[in-house]
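Scope of the values below: all heavy atoms of this structure, side chains included, with no hydrogens, waters or symmetry mates. So that the names make sense, note that chain A is the first sequence line, chain B the second, and so on, each numbered from 1.
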Protein chains: 2
Amino acid sequence: MPAGKRANPLALAVLVCLAERPMHPYEVAQTLRTRHKDDSVRLNYGSLYAVVDTLVRRGLVEASETERSGRLPERTVYRITDAGHVELHDWLAELIAVPAKEYPAFEAALSFLPAVPPDEAASLLDERTQRLEAELASAGALRELVEKARLPRLFWVEAEFAIALRRTELEFVRRLRADLAAGTLEGLSWWRQVHGQPDGPVPLPPPWGPEHDEERP
Amino acid sequence: MPAGKRANPLALAVLVCLAERPMHPYEVAQTLRTRHKDDSVRLNYGSLYAVVDTLVRRGLVEASETERSGRLPERTVYRITDAGHVELHDWLAELIAVPAKEYPAFEAALSFLPAVPPDEAASLLDERTQRLEAELASAGALRELVEKARLPRLFWVEAEFAIALRRTELEFVRRLRADLAAGTLEGLSWWRQVHGQPDGPVPLPPPWGPEHDEERP
DNA sequence: TCTAGGATACTCTATATAGAGTCCCCGATG
DNA sequence: CATCGGGGACTCTATATAGAGTATCCTAGA
């Protein structure tokens with residue numbers, strides 16, 4: 001088996017850091033933080049040490065020394081192995097070349113949109129719009145700072161990507177909200193009707209089942 | 001504490017289904033599948049039953065009956081409680097109104113882009129482009145089918161959203177690839193140089209550290 | 001000089017999760 | 001009539017994960 005388990009991208013981050021030079025896990029965390037890679041990779045200590053252990057078990061990194069200063073906890077310095085270099089390369093290549101299915105929370109929320117009444121949905125979408133605008137504004141400010149610091153674009157492509165996604169999301173929300181306001185969203189009348197019942201929230205049922213999936217003779 | 005744990009969106013999906021009518025977990029899974037909600041919410045049996053248990057412990061759903069036909073495994077039918085209705089509403093409202101930070105795999109990959117040589121990166125990006133195009137093509141075909149089945153747009157907004165994100169990703173990848181080809185990507189010379197060393201892969205170190213984060217006098 | 005607060009460098013534990021495995025039924029096939 | 005395959009409806013288990021907790025050192029203020 002060439003690829004043991006490629007679950008947590010934090011493991012990839014560790015490999016990248018150790019490919020630069022040997023470090024102890026806490027130092028890996030620092031490095032990722034000062035480079036703002038913790039914006040793109042979920043980083044917390046609980047997972048970090050677990051992930052390093054896994055890498056050790058898979059033979060991708062190995063302990064190179066354990067220092068101790070005073071009576072502070074030991075620091076174990078790890079180095080990447082040859083197998084680690086290979087795995088780093090293959091994993092990263094795969095991540096770049098093949099798009100993976102993601103499950104964004106908002107996509108899930110949209111799936112169940114009919115479960116809230118349409119008027120409330122409208123104001124919730126408005127709130128999201130405002131928050132997204134705020135987020136994009138501060139992201140823009142940050143981008144200017146980074147540019148002024150003369151940090152080449154190569155080192156913040158990931159931030160650009162995140163911003164592009166958020167922008168698309170904002171446009172989508174605005175359009176959906178507009179269609180809702182204009183009454184041009186197909187299914188709206190059903191939606192209003194379902195929530196018009198006086199007997200409290202009747203969130204669904206949607207009027208389609210297996211029979212809509214394929215035609216029968 | 002009004003909100004116990006709002007981790008897994010599958011729990012939300014279960015609440016939505018049970019708000020429609022009482023079901024046993026397997027039936028919930030079926031329902032989600034026939035409505036293609038398993039495209040927006042990660043669904044697998046291992047998690048499903050665990051999630052239902054959690055909902056029971058939190059008092060959001062309760063067992064209403066357990067049937068048995070023949071010697072097949074028992075089917076426990078669950079119904080949503082009043083607290084469950086409240087939680088369903090609040091959770092969904094939050095998901096719609098406040099954008100959550102996500103960690104897409106490709107964003108992580110972009111973070112570490114300099115770890116592969118630039119020429120290889122170019123062809124990996126090409127491969128991604130092709131795969132994204134294929135994905136979007138089949139998504140388009142599916143969308144037409146759904147439209148022909150007269151399924152109102154309200155019931156597939158989430159798919160529209162996913163497509164919008166993928167389109168943005170495709171554009172982003174195309175542009176990045178083009179900048180790479182044109183040599184207009186800032187940092188490219190450093191990138192080439194680092195990977196030009198004959199002593200194998202020297203993936204990093206990037207030429208910035210804490211000193212770039214803030215100015216000193 | 002005493003102390004409050006913040007790094008440093010982990011460690012612990014309860015819970016979540018994925019994926020495989022299990023057991024039974026039913027219809028079709030040879 | 002035996003058996004084969006494909007659902008249905010879970011159950012089991014090893015691993016991953018988040019978040020809080022711990023213990024030491026250092027610095028700067030009162």
Among [options], which nucleotide has an atom closest to any side-chain atom of [X]?
{"X": "B:Y45", "options": "C:dT11, D:dT11, D:dT17", "result": "D:dT11"}
{"X": "B:S47", "options": "D:dC10, C:dT11, C:dT17", "result": "C:dT17"}
{"X": "A:A50", "options": "D:dT17, D:dG8, C:dT17", "result": "D:dT17"}
{"X": "A:N8", "options": "D:dT17, C:dA20, D:dA18", "result": "D:dT17"}
{"X": "B:R57", "options": "D:dT11, C:dC10, C:dA16", "result": "C:dA16"}
{"X": "B:H24", "options": "D:dA18, D:dA9, C:dC10", "result": "D:dA9"}

Quick one: are the ring centres of B:W191 and A:F155 less than 6.0 Å apart?
->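 Ring centroids of B:W191 and A:F155 are no less than 6.0 Å from each other.
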
Ring centroid separation for A:W156 and A:F161, is it under 6.0 angstrom?
->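 No, too far apart.
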
Could you state the atom-to-atom distance from [atom1] of [X] to [atom2] of [N] in whole Å?
{"X": "B:L43", "N": "D:dA9", "atom1": "CG", "atom2": "P", "value": "15 Å"}
{"X": "A:R75", "N": "D:dA23", "atom1": "CZ", "atom2": "C1'", "value": "16 Å"}
{"X": "A:M23", "N": "C:dT8", "atom1": "CE", "atom2": "P", "value": "14 Å"}
{"X": "A:L48", "N": "D:dA20", "atom1": "CG", "atom2": "P", "value": "17 Å"}
{"X": "B:Y103", "N": "D:dT17", "atom1": "OH", "atom2": "P", "value": "14 Å"}
{"X": "A:Y49", "N": "C:dT8", "atom1": "OH", "atom2": "P", "value": "11 Å"}
{"X": "B:N44", "N": "D:dA9", "atom1": "CG", "atom2": "P", "value": "18 Å"}
{"X": "A:Y78", "N": "C:dA9", "atom1": "OH", "atom2": "P", "value": "14 Å"}

Quick one: on DNA chain C, does A:Q30 or B:T54 contact a more 5' nucleotide (nearest heavy atom)?
->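 Final value for this comparison: A:Q30.
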
Is there a side-chain polar atom (N or O) of A:Y26 under 4.0 Å from OP1 or OP2 of C:dT8?
->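 Looking at the OP1 and OP2 atoms of C:dT8, one of them is under 4.0 Å from a side-chain N or O of A:Y26.
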
Starting at the 5' end of DNA chain D and moving along, which residue's nearest nucleotide shows up first, A:R42 or B:P25?
->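 Result of the comparison: B:P25.
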
Which part of the nucleic acid does A:E27 contact within heavy-atom distance under 4.0 Å: base, sugar-phosphate only, or nothing?
->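 Nothing, no heavy atom under 4.0 Å.
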
Any donor-acceptor pair under 3.5 Å from A:E102 side chain to B:A105 backbone |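 A pair under 3.5 Å: yes.
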
Gap between atom CD of A:E160 and atom CD of A:E158 - 0.5 Å precision |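 Those atoms lie 9.5 Å apart.
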
Rounded to the nearest 0.5 Å, what separation is found between the CD atom of B:E120 and the NE2 atom of B:H195?
->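 It is 9.0 Å, given to the nearest 0.5 Å.
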
